Colleague: 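I have a structure I would like to understand better, so I am pasting it below and will then ask my questions one at a time.
A, B, ... follow the sequence lines: proteins, then strands. Residue 1 opens every chain. It should be emphasised that the depicted structure is a prediction, and the values quoted were computed from it without experimental measurement.
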Amino acid sequence: MRLSRYFLPVLKENPAEAQIVSHRLMLRAGMIKQQTAGIYSWLPLGFKVLKRIEQIVHEEQERAGHIALLMPTLQPADLWRESGRYEDYGQEMLRIKDRHGRDMLYGPTNEEMITDIFRSHVGSYKDLPLTLYHVQWKFRDEVRPRFGVMRGREFYMKDGYTFDVDKASALHAYNRHMVAYLRTYERMGLTAIPMRADSGPIGGDDTHEFLVLAETGESEVFYDQAVTELTLGERAVDFDNRDEVAAICDEFTTLYARTDETHDEALFNAVPEDRRRVGRGIEVGQIFYFGTKYSEAMGATVVTQDGNRVPVEMGSHGIGVSRLLGAIIEASHDDKGIIWPEGVTPFHAGIVNLKQGDAEADAACESLYKALAGAGLEALYDDRSERAGAKFATMDLIGLPWRITVGPRGLAKGVVELTSRRSGESVEMSPEAAVARLVEIYAQHR
RNA sequence: CGGGGCGUGGCGCAGCUUGGUAGCGCGACGGUUUUGGGUACCGUAGGUCGUAGGUUCGAAUCCUAUCGCCCCGACCA
């Protein structure tokens with residue numbers, strides 16, 4: 001993309017309404033525009049990152065054997081009357097009437113709807129296990145939306161629902177999600193720690209929240225420092241192997257890591273003193289096993305191998321996709337702007353032409369731009385007639401992890417400069433070498 | 001939902017106490033200049049001062065109502 005043809009309304013000054021750094025940077029980098037309290041338009045740059053994150057979620061869900069579908073944002077109230085939650089949910093649920101006076105609602109979650117789909121089409125143990133998920137807009141009419149997309153009223157979320165014939169299978173589904181989520185967050189450059197949590201209004205027995213450590217987090221967290229060093233990495237996981245998946249979950253949940261909701265002082269004090277940490281975290285996902293809460297209320301049953309009809313065992317699992325943009329920025333920025341991890345960056349690299357209009361510099365930039373595209377990398381080429389300082393400031397603000405700087409001075413020596421946004425280090429090399437280096441870097445983030 | 005604050009060109013703000021017909025910085029646009037970290041100068045455009053009503057010869061300024069947004073708390077993915 002040539003910047004002169006893109007839509008990137010960056011701001012030099014901080015908008016007054018934004019307090020926390022991710023909100024400020026998203027506004028300044030031209031990623032979002034608030035339309036009303038807690039509701040945002042996603043401008044091109046923000047939309048690109050949102051889609052990158054969603055794509056990673058899809059890839060990791062598919063890897064775990066889960067199946068995508070799409071449910072609507074608007075739901076009939078009757079389904080929620082069946083589960084009893086229409087009355088229970090309170091003011092957070094946005095209730096609407098259609099022209100016929102029917103009660104509708106903008107879905108805050110989808111347990112009822114997915115259970116309805118299930119009971120309409122599935123009746124046998126032979127169809128299990130089954131995991132259906134979608135990524136869709138949700139709405140919770142928060143009393144006080146704040147922190148930009150981290151706590152909006154409208155939010156984009158992946159929610160998945162598992163159906164199993166018995167509790168042991170359902171717990172495997174739970175574990176499978178934990179492992180899939182671990183890899184999902186790692187690919188986004190995050191350290192997200194699964195912590196034992198409260199089940200809240202969804203209800204259930206087992207639940208973990210995934211928290212990204214950040215000073216601005218809404219939850220107080222208590223953890224063993226060693227838990228932050230665990231990584232799933234590139235290890236191949238057989239998601240059908242219950243023991244293997246359970247072993248990974250044990251590895252990640254044995255060390256102490258809890259939110260204030262479930263914090264246990266005595267257990268925490270058993271952690272070696274030099275590894276004991278208290279901090280704050282941003283919740284970016286949660287997994288639940290809740291058994292037959294909805295299937296019993298809504299009559300979602302299956303016939304087992306021995307001929308009995310039993311309510312299906314269920315769980316649900318969510319990732320806050322839109323919230324993740326805020327969380328990633330909170331975890332990865334400096335005083336100049338955002339620093340995107342390679343896995344979610346909106347463009348793989350930026351090209352800064354230091355002397356727009358100089359025939360040689362222009363030609364070198366064009367050629368780099370094409371070479372990157374040919375290698376499957378998307379570049380943002382700053383071809384504006386701005387001074388170098390302005391171009392650098394924009395690139396730093398929007399946070400592309402790699403920048404190629406092209407100017408007459410370097411070209412005279414046959415080199416361009418490849419700069420890491422994260423470390424600030426620059427290396428001079430030929431344009432060809434810079435492209436090759438970027439290809440190599442991004443090969444590790446596929 | 002309790003408490004507090006703010007609505008003035010695209011953005012950030014001043015002006016309001018002590019009413020007299022709107023100003024600054026940034027940005028945009030045009031020009032000259034400059035060109036390796038937000039260049040300097042000159043010029044141009046852009047505002048029913050959130051909205052409605054009231055007081056007054058006269059309201060951004062005072063009064064009333066209303067809408068919106070932000071912050072703290074409670075709540076929450």
Side-chain angles (χ1 to χ4, degrees), chain A residues 9-20 23-24 27-28 30 33-39 89-93 107-111 136-159 181 192 197-202 207-212 217-219 259-261 281-288 316-324 326-327 336-337 352-358 361 382 384-397 403-413 415-417 419 424 426 428:
Chain A
V10 298
L11 304 172
K12 206 164 173 176
E13 290 174 90
N14 280 321
E17 76 264 22
Q19 296 301 307
I20 64 166
H23 190 192
R24 280 205 304 267
L27 290 167
R28 285 195 54 208
K33 170 174 167 48
Q34 178 169 316
Q35 301 296 161
T36 183
I39 298 179
Y89 222 93
Q91 295 277 296
E92 285 203 343
M93 179 186 277
T109 177
N110 289 68
E111 279 82 7
Q136 177 63 291
W137 291 98
K138 311 275 192 297
F139 196 91
R140 290 184 196 167
D141 199 0
E142 298 280 349
V143 195
R144 193 186 155 209
R146 61 186 120 170
F147 305 150
V149 299
M150 294 235 289
R151 184 146 167 221
R153 293 194 291 171
E154 188 180 47
F155 55 100
Y156 203 45
M157 180 175 169
K158 173 263 166 182
D159 47 324
Y181 279 21
D198 249 5
S199 57
I202 293 181
T207 177
H208 280 84
E209 290 177 339
F210 287 79
L211 286 112
V212 173
E218 72 275 51
S219 314
T259 66
D260 47 6
E261 293 169 343
I282 299 166
E283 193 193 325
V284 292
Q286 188 159 13
I287 54 178
F288 297 93
S316 72
H317 319 82
I319 292 181
V321 174
S322 50
R323 161 176 277 207
L324 270 165
K336 293 178 194 158
V352 168
N353 185 346
L354 292 172
K355 192 162 187 180
Q356 205 69 42
D358 177 272
D382 192 341
R384 297 172 301 166
S385 301
E386 292 287 343
R387 298 211 9 148
K391 294 190 178 189
F392 289 144
T394 298
M395 284 295 175
D396 288 346
L397 174 63
R403 184 185 80 208
I404 304 178
T405 309
V406 180
R409 211 178 283 173
L411 289 175
K413 297 186 289 180
V415 299
V416 296
E417 217 172 69
T419 306
S426 291
E428 289 192 339

Colleague: Determine, for Glu428(A) against Lys413(A), whether the closest basic-nitrogen to carboxylate-oxygen distance falls under 4.0 angstrom.
Modeller: yes

Colleague: Quick check: on RNA chain B, is the nucleotide nearest Glu154(A) upstream (toward 5') of the one nearest Pro145(A), or the reverse? Name the residue that is more 5'.
Modeller: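 With Pro145(A) and Glu154(A) compared, the 5'-side residue is Pro145(A).
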
Colleague: Within the structure provided, determine whether Glu17(A) and Leu27(A) are in side-chain contact (heavy-atom separation under 4.5 Å).
Modeller: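 Result yes, sub-4.5 Å side-chain heavy-atom pair found.
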
Colleague: I'd like to know if the side chain of Lys391(A) reaches the main chain of Asn353(A), judged simply by a donor and an acceptor atom lying under 3.5 Å from each other, with no hydrogens or angles considered.
Modeller: yes

Colleague: About how many Å separate CZ of Phe392(A) and CG of Asp382(A), when rounded to the nearest 0.5 Å?
Modeller: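 Interatomic distance, Asp382(A) CG to Phe392(A) CZ, rounded to 0.5 Å: 10.0 Å.
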
Colleague: Strictly below 4.0 Å: does Arg144(A) bring a side-chain N or O up to OP1 or OP2 of rC72(B)?
Modeller: yes

Colleague: At 4.0 Å (heavy atoms only), tell me whether Glu417(A) reaches a base, stays on the sugar-phosphate, or touches nothing.
Modeller: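 Base contact - Glu417(A) has a heavy atom under 4.0 Å of at least one base atom.
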
Colleague: Which letter, B, S or -, goes with each nucleotide of nucleotides 8-14 of chain B from 5' to 3', with contact meaning a protein heavy atom under 4.0 Å?
Modeller: ---BSS-

Colleague: Counting side-chain heavy atoms from CB outward, which of rG36(B), rC75(B), rG38(B) is closest to Ala390(A)?
Modeller: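 Selected nucleotide (nearest to the side chain): rG38(B).
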
Colleague: Return the value, rounded to whole Å, for the distance between atom CD1 of Ile404(A) and atom C1' of rG36(B).
Modeller: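 Distance check: Ile404(A) CD1 to rG36(B) C1' gives 16 Å.
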
Colleague: Gly285(A) near the nucleic acid: base, sugar-phosphate alone, or nothing, with a heavy-atom cut-off under 4.0 Å?
Modeller: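 Here Gly285(A) touches no strand at all.
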
Colleague: Between Arg140(A) and Tyr89(A), is there a side-chain heavy-atom distance shorter than 4.5 Å?
Modeller: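 They are in contact (side-chain heavy atoms under 4.5 Å apart), so the answer is yes.
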
Colleague: Rounded off to whole Å, could you give me the NZ-to-P distance for the Lys391(A) and rU39(B) pair?
Modeller: 13 Å

Colleague: Donor-acceptor pair under 3.5 Å: do we get one between Arg151(A)'s side chain and the base of rC76(B)?
Modeller: yes

Colleague: Rounding to an integer number of angstrom, what distance separates rG50(B) and rG5(B) when you compare their C1' atoms?
Modeller: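 Their C1' atoms lie roughly 16 Å apart.
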
Colleague: Rounding to an integer number of Å, can you tell me how far Gln19(A) CD sits from rC72(B) P?
Modeller: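 Whole-Å distance recorded here is 7 Å.
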
Colleague: Does Gly152(A) reach a base, just sugar-phosphate, or nothing at all? Heavy atoms under 4.0 Å.
Modeller: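 Gly152(A): base contact, heavy atoms under 4.0 Å.
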
Colleague: Would you check if the side chain of Arg146(A) reaches a backbone N or O of Arg151(A) as a donor-acceptor pair within less than 3.5 Å?
Modeller: no

Colleague: Please measure how far the P atom in rG46(B) lies from the corresponding atom in rG4(B), and state the result in whole Å.
Modeller: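 Here rG46(B) and rG4(B) have their P atoms 42 Å from each other.
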
Colleague: From CZ of Arg28(A) over to C1' of rG38(B), roughly how many Å is that when rounded to an integer?
Modeller: 10 Å

Colleague: Hey, does the side chain of Lys12(A) come within less than 4.0 Å of rC26(B)'s phosphate (OP1/OP2), counting only N and O?
Modeller: no

Colleague: For a quick check of understanding: with a heavy-atom distance under 4.0 Å over all strands, which category does Ala393(A) fall into, base, sugar-phosphate or nothing?
Modeller: base

Colleague: With a 4.0 Å cut-off on heavy atoms, is Arg153(A) in touch with a base, just the backbone sugar-phosphate, or nothing at all?
Modeller: nothing

Colleague: When you compare rA52(B) with rG9(B), how far apart are their P atoms, in angstrom units rounded to a whole number?
Modeller: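 The same atom, P, in both gives a distance of 16 Å.
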
Colleague: Nearest whole Å is fine: how far is rC71(B) P from Ile20(A) CD1?
Modeller: 9 Å

Colleague: Is the phosphate of rC75(B), meaning OP1 or OP2, less than 4.0 Å from a side-chain N or O of Gln91(A)?
Modeller: no

Colleague: Rounded to the Å, how far apart are Gln356(A) CD and rG36(B) C1'?
Modeller: 14 Å

Colleague: Could you check which nucleotide pairs with rG68(B) in any of the strands shown, counting Watson-Crick or G-U wobble with both distances under 3.5 Å?
Modeller: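 Answer to the pairing question: rC6(B), which forms a Watson-Crick or G-U pair with rG68(B).
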
Colleague: Side chain of Val143(A), heavy atoms from C-beta onward: which of rG37(B), rC1(B), rG36(B) has the nearest atom to it?
Modeller: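 It is rC1(B).
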
Colleague: Provide the distance between the two P atoms, one in rA60(B) and one in rU8(B), to the nearest whole Å.
Modeller: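 The answer is 15 Å between these two P atoms.
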
Colleague: With a 4.0 Å cut-off on heavy atoms, is Thr36(A) in touch with a base, just the backbone sugar-phosphate, or nothing at all?
Modeller: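 Sugar-phosphate contact only - Thr36(A) comes under 4.0 Å of backbone atoms but never of a base.
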
Colleague: With a 4.0 Å cut-off on heavy atoms, is Gly318(A) in touch with a base, just the backbone sugar-phosphate, or nothing at all?
Modeller: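 The residue Gly318(A) makes no contact with any strand.
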
Colleague: CG of Asn353(A) versus P of rU35(B): gap in Å, rounded?
Modeller: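 The answer, rounded to whole Å, is 16 Å.
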
Colleague: Measure the shortest side-chain to side-chain distance between Arg28(A) and Pro15(A) over non-hydrogen atoms and say whether it is less than 4.5 angstrom.
Modeller: yes

Colleague: Over how many whole Å does the gap from Arg146(A) atom CZ to rC70(B) atom P extend?
Modeller: 11 Å

Colleague: Whom does rU34(B) pair with, Watson-Crick or G-U wobble, provided both distances fall under 3.5 Å?
Modeller: none

Colleague: So if I apply the side-chain hydrogen bond (donor to acceptor under 3.5 Å, both in side chains) rule between Asp159(A) and each of His317(A), Gln286(A), Lys138(A), which one comes out positive?
Modeller: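 When side-chain hydrogen bond (donor to acceptor under 3.5 Å, both in side chains) is applied between Asp159(A) and each of His317(A), Gln286(A), Lys138(A), only Lys138(A) qualifies.
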
